[in-house]
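What you see below is based on every heavy atom in this structure, not just the backbone, and it leaves out hydrogens, waters and symmetry mates.
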Amino acid sequence: MKVVLLQDVKGSGKRGELIQVSDGYARNFLLPRKLAKEANAQVMSELKSAESAKKWRIQKETEDAQAAAASISGKTVRLFAKAGQGGRLFGSITAKEVADELKKSFHVDVDKRKVALDGDIRAFGTYECEVKLYSGVTAKIYVLVGEQQ
């Protein structure tokens with residue numbers, strides 16, 4: 001019997017796969033536990049439409065991420081902090097502050113975990129960092145840290 005899995009089943013397959021199983025396994029285990037549906041024309045149509053919707057969503061998100069990467073790539077984010085002793089910062093500049101400034105300056109919403117800094121910034125100067133916007137889509141930006149007046 002051919003069935004479409006509704007959930008991952010260990011030893012059988014992943015969610016959304018069309019698999020061939022014995023009639024007894026399908027009738028006595030998969031179908032009563034709502035782990036699978038019998039593969040008929042309606043279920044196959046739903047499966048195809050779900051796959052095409054997923055592909056379209058991934059393509060749309062990739063295009064949006066590429067547009068955002070093009071808009072911020074090579075740009076400079078300016079941050080200001082209090083000065084400590086010897087040209088060092090009182091505290092540090094974190095990825096969260098860089099992400100907040102990106103949103104404020106360039107209107108690009110980025111999660112702080114997607115900003116790749118080589119540790120926190122603890123001195124004045126210009127630093128290069130990478131922003132991961134989507135799978136395979138990154139942008140290099142510069143962080144300029146100046147002294148707060």
Would Val98 and Asp100 satisfy side chain to side chain contact (heavy atoms under 4.5 Å, CB included), going step by step from the backbone distance to the final call?
CA-CA 5 Å; Val98 174; Asp100 291 343; over 6 Å; no

Test item: Tyr25 and Leu30 side chains (from C-beta on) under 4.5 Å apart, heavy atoms:
yes

Going by heavy atoms in the side chains, are Tyr134 and Ile58 under 4.5 Å from each other?
yes

Residue pair [X] / [Y]: nearest heavy atoms and the distance that separates them:
{"X": "Leu89", "Y": "Ile121", "result": "CD1-O, 3.4 Å"}
{"X": "Gln7", "Y": "Lys34", "result": "NE2-O, 4.4 Å"}
{"X": "Val4", "Y": "Ala39", "result": "CG2-CB, 4.2 Å"}
{"X": "Lys82", "Y": "Phe124", "result": "O-CZ, 4.4 Å"}
{"X": "Ala99", "Y": "Val110", "result": "CB-O, 3.5 Å"}
{"X": "Met44", "Y": "Leu18", "result": "CE-CD2, 3.8 Å"}

From [X] atom [atom1] to [Y] atom [atom2], the distance as rounded to the nearest 0.5 Å:
{"X": "Thr138", "Y": "Gln66", "atom1": "OG1", "atom2": "CD", "value": "10.5 Å"}
{"X": "Lys75", "Y": "Phe106", "atom1": "NZ", "atom2": "CZ", "value": "6.0 Å"}
{"X": "Ile141", "Y": "Leu102", "atom1": "CD1", "atom2": "CG", "value": "4.5 Å"}
{"X": "Lys37", "Y": "Leu47", "atom1": "NZ", "atom2": "CG", "value": "10.5 Å"}
{"X": "Trp56", "Y": "Glu61", "atom1": "CH2", "atom2": "CD", "value": "9.0 Å"}
{"X": "Phe29", "Y": "Arg27", "atom1": "CZ", "atom2": "CZ", "value": "15.5 Å"}

Can you tell me if [X] uses its side chain to pair, donor with acceptor, with the backbone of [Y] under 3.5 Å?
{"X": "Asp120", "Y": "Thr94", "result": "no"}
{"X": "Asp111", "Y": "Lys114", "result": "no"}
{"X": "Ser49", "Y": "Glu46", "result": "yes"}
{"X": "Arg15", "Y": "Leu6", "result": "yes"}

Assess whether atom [atom1] of [X] is packed by more than 12 heavy atoms of other residues, nucleotides or ligands within 6.0 Å.
{"X": "Arg57", "atom1": "CZ", "answer": "yes"}
{"X": "Asp118", "atom1": "CG", "answer": "no"}
{"X": "Gln42", "atom1": "CD", "answer": "no"}

Report whether Val43 and Val3 are members of the same hydrophobic cluster (ILVMFWY, side-chain heavy atoms less than 4.5 Å apart, transitive linking).
no

Less than 4.0 angstrom from a charged side-chain N to a carboxylate O is my criterion; do Lys104 and Glu101 meet it?
yes

Passes side chain to side chain contact (heavy atoms under 4.5 Å, CB included), Val143 versus Thr126? Steps please.
CA-CA 6 Å; Val143 179; Thr126 303; over 6 Å; no

Verdict with supporting geometry, Leu117 and Tyr127, side chain to side chain contact (heavy atoms under 4.5 Å, CB included)
CA-CA 9 Å; Leu117 290 175; Tyr127 300 88; 5.7 Å; no

